[in-house]
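See structure below.
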Amino acid sequence: MNSSDQLTSNENFLEQIINEDLSNGFNKRKLKFRFPPEPNGYLHIGHAKSICLNFGFGKTFSSPVNLRFDDTNPEKENIVFINSIKEDIKWLGFKWDSECYASDYFNELYDWAIYLIKNNNAYVDSQDQETISIQRGVPSSAGELSPYRERTVDENLDLFKKMKEGNFMPGDCVLRAKIDMSSPNMHMRDPVLYRIINHEHHRTKDKWKIYPTYDWAHGQSDYIEGISHSLCTLEFQVHRELYDWLISKIPKQKEILPKQREFARLNLSYTIMSKRKLAEIVNSGLVSGWDDPRMPTISGLRRRGVPPQAIINFCDKVGVAKRENIIDYALLDFCTREVLNKISYRVMVVLDPVELEIINYPEGDSETLTAENNQEDETYGSREISFSKNLFIERDDFKEQANRKYFRLTIGKEVRLKNGYIIKGESIEKDSEGNINKIVCTYDPKSKSGSGTPESLRKVKGTIHWVDKNNYENISVNIFDKLFLSEVPDENNEADIKKLINRESIKNYNTACAEISLKDADFNKYYQFQRKGYFKLDKKNPEIIFNQTVTLRDNIKF
RNA sequence: UGGCUCAUGGUGUAACUGGUAACACGUCUGGUUUUGGUCCAGAAGAGUCUAGGUUCGAGCCCUAGUGAGCCAACCA
């Protein structure tokens with residue numbers, strides 16, 4: 001299976017815009033996209049939507065897609081985030097054309113700022129942040145002009161140079177665009193283009209004392225790279241007027257101007273996408289880290305065992321529009337199962353074991369049975385599993401008393417041991433507290449799976465999994481539940497997100513018994529523990545610890 | 001109370017730019033099955049936020065209203 005080839009979605013409104021541009025004469029070879037993360041955190045499933053969108057366009061239009069780090073704020077950004085972001089994108093299977101950094105353009109941006117000043121389109125304001133904020137006013141009425149708004153070009157040039165040379169302290173002054181203090185769009189009320197920050201930048205080190213703001217850096221970066229369509233989320237809609245204005249004021253060398261268009265970000269039920277809140281639960285120790293298998297981060301999903309193709313399929317099914325949305329988590333689960341069903345290796349693991357003794361099986365005997373690795377695809381081959389008189393089965397696969405709808409093991413009823421024989425429950429042994437510690441059964445020696453005998457072909461309602469008590473591997477298994485109790489944990493912005501955490505979202509089974517083949521469990525494989533779900537070996541641990549990715553679809557009603 | 005954006009089954013996305021709503025997930029039936037999985041067959045569920053208007057005809061166009069989101073960081 002290979003990335004988005006077989007996807008069949010309708011063309012979304014952004015693709016329509018691109019196609020319109022094309023039919024209006026835009027040269028297809030000039031199409032270019034970009035994914036522009038700020039390296040201040042880990043990527044999550046919401047970013048995956050943007051990644052799939054941009055790189056998806058790259059594929060459908062055979063256009064380059066740049067990875068550009070929006071690294072204009074050295075106080076928040078860090079090289080470790082750059083590395084994790086690159087790793088996640090690669091893992092998803094996408095290849096960027098060039099690896100770019102807004103900081104690569106700092107010189108050019110500086111020159112253009114001088115150009116703006118010379119054209120009376122920017123000025124140095126020497127007021128403090130609070131004053132500027134107050135002067136900006138409120139949306140419903142005009143703001144006031146800064147007293148420094150009419151400084152001469154020479155004065156501005158001189159001051160700006162001094163800002164750059166470090167003659168001022170942070171907060172002393174900023175460079176502002178001179179636009180319109182009465183605009184109903186607050187972003188047009190003389191936005192800040194440069195501020196002074198005394199902090200080493202992870203790439204430019206201590207070269208700069210001033211750093212461009214998002215508004216000044218982003219559109220110009222798009223312009224420099226020749227991005228044709230700059231796609232971002234809805235909250236940047238109000239920035240578009242400024243985006244276009246700034247590009248219209250820089251010296252023109254190119255005929256193609258980037259076009260910003262906005263789409264709705266992804267929201268998933270029972271989880272959150274806010275980097276800040278995600279950081280909060282990481283820092284408070286409620287999860288083990290950014291890559292905790294319960295986290296909606298790419299690294300968390302990876303560790304959980306969600307394959308990249310499932311994420312790509314999910315992003316495709318989710319669609320792209322401008323409407324606020326909350327996607328049902330069940331859709332992600334569906335996409336995960338759909339992929340995993342085809343590629344996972346089936347094995348038998350008993351999470352909560354109870355002993356099963358076959359009284360009419362010869363004492364001391366054992367045999368080797370063969371089992372298919374993946375009934376969806378015979379090229380996965382088969383493996384051997386051992387069978388003997390004493391086995392483990394799942395504790396809840398037996399009931400002393402059961403109604404007609406229960407078709408696992410019970411006294412007097414037959415059930416099939418997967419890949420083995422048909423057995424019948426005979427009796428149970430309990431300890432002094434009434435807990436079952438052994439189930440005794442008989443087996444039909446002629447009913448061996450695959451033997452072709454009439455006995456083996458008998459229809460038996462239930463099939464259960466098992467592990468040989470004389471030949472198994474003890475493993476540890478993590479079962480997960482939703483991380484948040486609320487369907488929309490982000491709903492109330494003021495609420496303490498930590499209080500919404502499901503404290504029972506992880507359950508560990510450290511006495512699980514696995515068939516012996518799992519002694520060589522492979523990090524690169526996806527497994528299905530039959531009847532229990534899909535599981536992935538945890539890469540962070542030297543011992544064998546499996547994380548449950550998703551359960552099997554479960555329709556039990558009784 | 002300024003501006004921008006959005007409004008279609010439970011959820012998400014479509015509807016060839018005007019011809020009486022489709023696809024996916026979810027839900028429910030039934031069948032197959034050595035995984036209560038997969039697979040197969042089928043069903044229920046919206047008349048498109050409201051009110052007007054244009055039109056032979058409107059989810060698509062117009063007007064007004066209602067509801068929701070975003071914007072007043074030297075964050076992105």
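Since this is a predicted model, take the numbers as computed values, not measurements. In what follows, chains are A, B, ... by sequence order, proteins preceding strands, each numbered from 1.
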- Item | Pair assignment for B:G47, Watson-Crick or G-U wobble, requiring both distances under 3.5 Å | none

- Mind checking A:E38 for me? I need base, sugar-phosphate or nothing, with any heavy atom below 4.0 Å counting as a touch. sugar-phosphate

- Message: Does B:G36 have its OP1 or OP2 closer than 4.0 Å to a side-chain nitrogen or oxygen of A:R531?
- Response: yes

- Query: Counting side-chain heavy atoms from C-beta on, which of B:C25, B:A72, B:C74 comes nearest to A:L331?
  - Reply: B:C25

- Query: Does a side-chain N or O from A:R136 land closer than 4.0 Å to OP1 or OP2 of B:C74, or not?
  - Reply: yes

- Task: Answer with base, sugar-phosphate or nothing: what part of the nucleic acid does A:R416 contact at a heavy-atom distance below 4.0 Å?
- Result: base

- Query: Is the closest side-chain heavy-atom distance between A:H218 and A:P212 below 4.5 Å?
  - Reply: no

- Under 4.0 Å: is that the gap between some side-chain N or O of A:T72 and OP1 or OP2 of B:C75? no

- Message: Need one value for A:D215: base, sugar-phosphate or nothing, where a base atom within 4.0 Å counts as base even if backbone is also close, heavy atoms only.
- Response: nothing

- Item | Short side-chain N/O contact to B:C75 OP1/OP2 from A:R195, under 4.0 Å | yes

- Task: Taking only Lys NZ, Arg NE, NH1 and NH2, and the carboxylate oxygens of Asp or Glu, determine whether A:R68 and A:E225 approach each other closer than 4.0 Å.
- Result: yes

- Task: Would you mind reading off the distance between A:L242 atom CG and B:A72 atom C1', rounded to a whole angstrom?
- Result: 14 Å

- Message: So A:H239, base contact, sugar-phosphate only, or nothing? Heavy-atom distance under 4.0 Å.
- Response: base

- Under 6.0 Å from the CD atom of A:E367, do we count more than 12 heavy atoms belonging to anything else shown? yes

- Message: Does A:N419 reach a base, just sugar-phosphate, or nothing at all? Heavy atoms under 4.0 Å.
- Response: base

- Of the nucleotides B:U13, B:A73, B:A76, which one has an atom closest to the side chain of A:Y214? B:A76

- Query: Should the pair A:R240-A:E262 be classified as a salt bridge under the 4.0 Å nitrogen-to-oxygen rule?
  - Reply: yes

- Could you check which of B:C71, B:G37, B:U35 has an atom nearest any side-chain atom of A:E376? B:G37

- Message: Taking the minimum atom-to-atom distance to the side chain of A:R553, which one of B:U35, B:C75, B:G26 wins?
- Response: B:G26

- Message: Heavy atoms only, 4.0 Å cut-off, all strands: where does A:V318 land among base, sugar-phosphate and nothing?
- Response: sugar-phosphate

- At under 4.0 Å, does any side-chain N or O of A:K459 touch on OP1 or OP2 of B:U34? yes

- How would you label the contact of A:G171 with the nucleic acid (heavy atoms, under 4.0 Å): base, sugar-phosphate, or nothing? base

- Thinking salt bridges, do A:D190 and A:R149 make one under a 4.0 Å N-O criterion? yes

- Using the benzene-type ring in the case of Trp, are the ring centres of A:Y534 and A:Y527 under 6.0 Å apart? no

- Query: With no angle test and no hydrogens, is the base of B:U35 tied to the side chain of A:Q528 by a donor-acceptor pair under 3.5 Å?
  - Reply: yes

- Would you classify A:F334 as touching base, sugar-phosphate or nothing, given that sugar-phosphate means primed atoms plus P, OP1 and OP2, and contacts are heavy atoms under 4.0 Å? sugar-phosphate

- Just checking A:V320: base, sugar-phosphate only, or nothing, at a heavy-atom cut-off of under 4.0 Å? sugar-phosphate

- Message: Is A:R240 close enough to B:C4 that one of its side-chain N or O atoms is under 4.0 Å from OP1 or OP2 there?
- Response: no

- Message: Counting only Watson-Crick pairs (N1-N3 plus N6-O4 or O6-N4) and G-U wobbles (N1-O2, O6-N3), all under 3.5 Å, who is the partner of B:G42?
- Response: B:C28

- Query: For A:K275, which contact category applies under a 4.0 Å heavy-atom criterion: base, sugar-phosphate, or nothing?
  - Reply: nothing

- Message: With a 4.0 Å cutoff (strictly under), does any side-chain N or O of A:Q16 reach OP1 or OP2 of B:A15?
- Response: yes

- Message: Need one value for A:F407: base, sugar-phosphate or nothing, where a base atom within 4.0 Å counts as base even if backbone is also close, heavy atoms only.
- Response: base

- Task: Tell me what A:N341 touches on the nucleic acid: a base, only sugar-phosphate, or nothing, going by heavy atoms under 4.0 Å.
- Result: base

- Query: With respect to the side chain of A:E235, which nucleotide from B:A76, B:G69, B:U13 is positioned closest?
  - Reply: B:A76

- Report which part of the nucleic acid A:R176 touches: base, sugar-phosphate, or nothing (heavy-atom distance under 4.0 Å, all strands). nothing

- A:Y101-A:F69 aromatic ring centre distance below 6.0 Å: yes

- Item | Partner nucleotide, any strand, of B:C23 [Watson-Crick/G-U, under 3.5 Å] | B:G12

- Using only heavy-atom distances, decide whether a donor-acceptor pair under 3.5 angstrom links the side-chain of A:R408 to the base of B:G36. yes

- Which listed nucleotide (B:U13, B:G26, B:A76) is nearest to the side chain of A:T213? B:A76

- Message: Can you tell me if A:S133 touches the phosphate of B:A73, counting only side-chain N or O atoms and a distance under 4.0 Å to OP1 or OP2?
- Response: yes

- Identify which nucleotide among B:U35, B:U5, B:G36 has an atom closest to any side-chain atom of A:K322, counting heavy atoms from C-beta outward. B:U5

- Mapping A:G450 and A:Y534 onto RNA chain B by nearest heavy atom, which one lands closer to the 5' end? A:G450

- Within the 6.0 Å centroid threshold, strictly below: A:Y214 and A:F236: yes

- Query: Of the candidate nucleotides B:C74, B:U5, B:G3, which contains the atom at the shortest distance from the side chain of A:V238?
  - Reply: B:G3

- Note on the structure: Any strand, both distances under 3.5 Å, Watson-Crick or G-U wobble: B:U35 pairs with none

- Message: Is it the case that B:U38 (base atoms only) and A:R337 (side chain only) share a donor and an acceptor within less than 3.5 Å, ignoring hydrogens and angles?
- Response: no

- Does A:E241 get its side chain close enough to the base of B:G3, under 3.5 Å, for a donor-acceptor pair? no

- Message: Under 3.5 Å for both donor-acceptor distances, Watson-Crick or wobble: does B:G67 have a partner, and if so which one?
- Response: B:C6

- Task: For A:F236, report the nucleic acid contact type (base, sugar-phosphate, nothing); a contact means any heavy atom under 4.0 Å.
- Result: base

